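Note that the coordinates shown come from a computational prediction; the quantities given were computed from them, not determined experimentally. A note on names: the letters A, B, ... follow the listed sequences, proteins ahead of strands, and every chain is numbered from 1.
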There are 2 protein chains.
Amino acid sequence: MNKQEQFQSELNMLLDKMTLLSQDTFKAELPDYKSSEVHTVEFIGKHADSNVTTIANSLYVTKGAVSKMSKRLINKGLIESYRDKDNQKERYFHLTPKGQEVFDIHERLTKQIMQRDESVFKDNADQIKVVLKFLKTYNIYLDKELSETKNK
Amino acid sequence: MNKQEQFQSELNMLLDKMTLLSQDTFKAELPDYKSSEVHTVEFIGKHADSNVTTIANSLYVTKGAVSKMSKRLINKGLIESYRDKDNQKERYFHLTPKGQEVFDIHERLTKQIMQRDESVFKDNADQIKVVLKFLKTYNIYLDKELSETKNK
DNA sequence: CATTTTTTGTTTCCTTGTCAACAAAAATTA
DNA sequence: TAATTTTTGTTGACAAGGAAACAAAAAATG
């Protein structure tokens, strides 16, 4: 297995484990909400007044999915939707107080989960710098790839 | 944003982009098969004679999902299932010649996609060593976390 | 060896996402 | 400005996975 294959492999394993570990925490503290719901609340909380298309593109799901999800979140009282006077086509969203609560709990849990792994980052601070540098380089490279693919 | 947050963020972006880029390739060359189907074929190809539970645990899905998926793959003629004479409870799988074709195409595409990013790894060989070292350390750390969580 | 417990796989119901067709609104074009 | 094109969001049909109940087989227990 060459370096690149190893990278892929280690990355996939890492992500799988992270998902497994965080699932339990969120299920325990936010049992009434699915992870996709919380994820959407998180996005709307961080990007108030975004429309359906923006949310869909950001979360890598279809507009239809966001349309349905938004209805569910409205029914659960987590978000509200509204239209601009000047733009009757697009639909915007923001959190309700109840949605903000869910958002805050999510933030707290995220920090808690990060603290769990804090020591790995503290103990390897010198390596992290290199890791981050590489990840950024790779991301920029893929951005180029993506824009090339788009223009085909 | 601290180093850990940056790491999470860069990682998520990287994975999203990789998924986007490979989706198109696979859709173009294996249009008759969903990515989950190809993924299962890949696993069975690499781990012949595994049973439903093993596949489920490895792919992080439920046994029910594997049970249904295996039927679909059998109907499409990609895999065959059989039982051992000594064990009538478990069901094992292996690829058919047609399944092997799909497997080979998947392998070819995977290599092709990796070649696309080859230069990033060649040009930063020194960084990669550090990156891999860190990923391995982190993986081992999470293994410990997971075994602790299990025992609760 | 008989009984109980665990493991294994299947099925049904439910949720949630995609896809594609669609209507309404906005933007572009001529 | 009128006609056309594009963008935006919704809907219904369908696909696919999760949870839980279940039966059959194997393993553990006494």
Of the non-hydrogen atoms in B:Lys89 and B:Arg83, which two are nearest, and what is the gap between them?
O-NH2, 3.7 Å
Base, sugar-phosphate alone, or nothing: which one does B:Lys27 contact when heavy atoms must sit under 4.0 Å apart?
sugar-phosphate
Between C:dT18 atom C1' and A:Leu59 atom CG, what is the distance in whole Å?
15 Å
How would nucleotides 6-15 of chain D be written as a contact map, 5' to 3', with B for base contact, S for sugar-phosphate-only contact and - for no contact, using protein heavy atoms under 4.0 Å?
-BBBBBBB--
End-to-end bend of the helix from C:dC1-D:dG30 to C:dA30-D:dT1 (five-pair axes, 10° rounding)?
30°
Mind jotting down which residue pairs meet the ring pair (Phe, Tyr, Trp, His ring centres under 6.0 Å) criterion with at least one end in residues 50-71 of chain A? Sequence neighbours excluded, please.
none
Quick one: which residue pairs count as a side chain to side chain donor-acceptor pair (under 3.5 Å) with a foot in residues 44-57 of chain A, not counting sequence neighbours?
A:Glu42-A:Lys46, A:Asp49-A:Tyr82, A:Asn51-A:Thr54, A:Asn51-A:Glu90
Hydrophobic clustering (ILVMFWY, side-chain heavy atoms < 4.5 Å, transitive) - are A:Val61 and A:Leu146 grouped together?
no
To the nearest angstrom, the NE2-P distance between A:His39 and C:dT16 comes to 16 Å
When the nearest nucleotide of DNA chain C is assigned to A:Asp86 and to A:Glu37 on a heavy-atom basis, which residue is associated with the more 5' position?
A:Glu37
Output every pair passing salt bridge (Lys or Arg N to Asp or Glu O under 4.0 Å) with a member in residues 118-132 of chain B, not counting sequence neighbours, ordered by first then second residue.
none
Remember a base hit wins even if backbone is also touched, and classify B:Asp84 as base, sugar-phosphate or nothing at under 4.0 Å, heavy atoms.
nothing
Which residues pass the side-chain hydrogen bond (donor to acceptor under 3.5 Å, both in side chains) test with B:Lys34, not counting sequence neighbours?
none
Interatomic distance, B:Arg72 atom CZ to B:Glu37 atom CD [nearest 0.5 angstrom]:
5.0 Å
Closer than 4.0 Å, any side-chain N/O of A:Asn87 to the OP1 or OP2 of C:dA26?
yes
Examine A:Phe26 together with A:Tyr33 and report whether their ring centres are nearer than 6.0 Å.
no
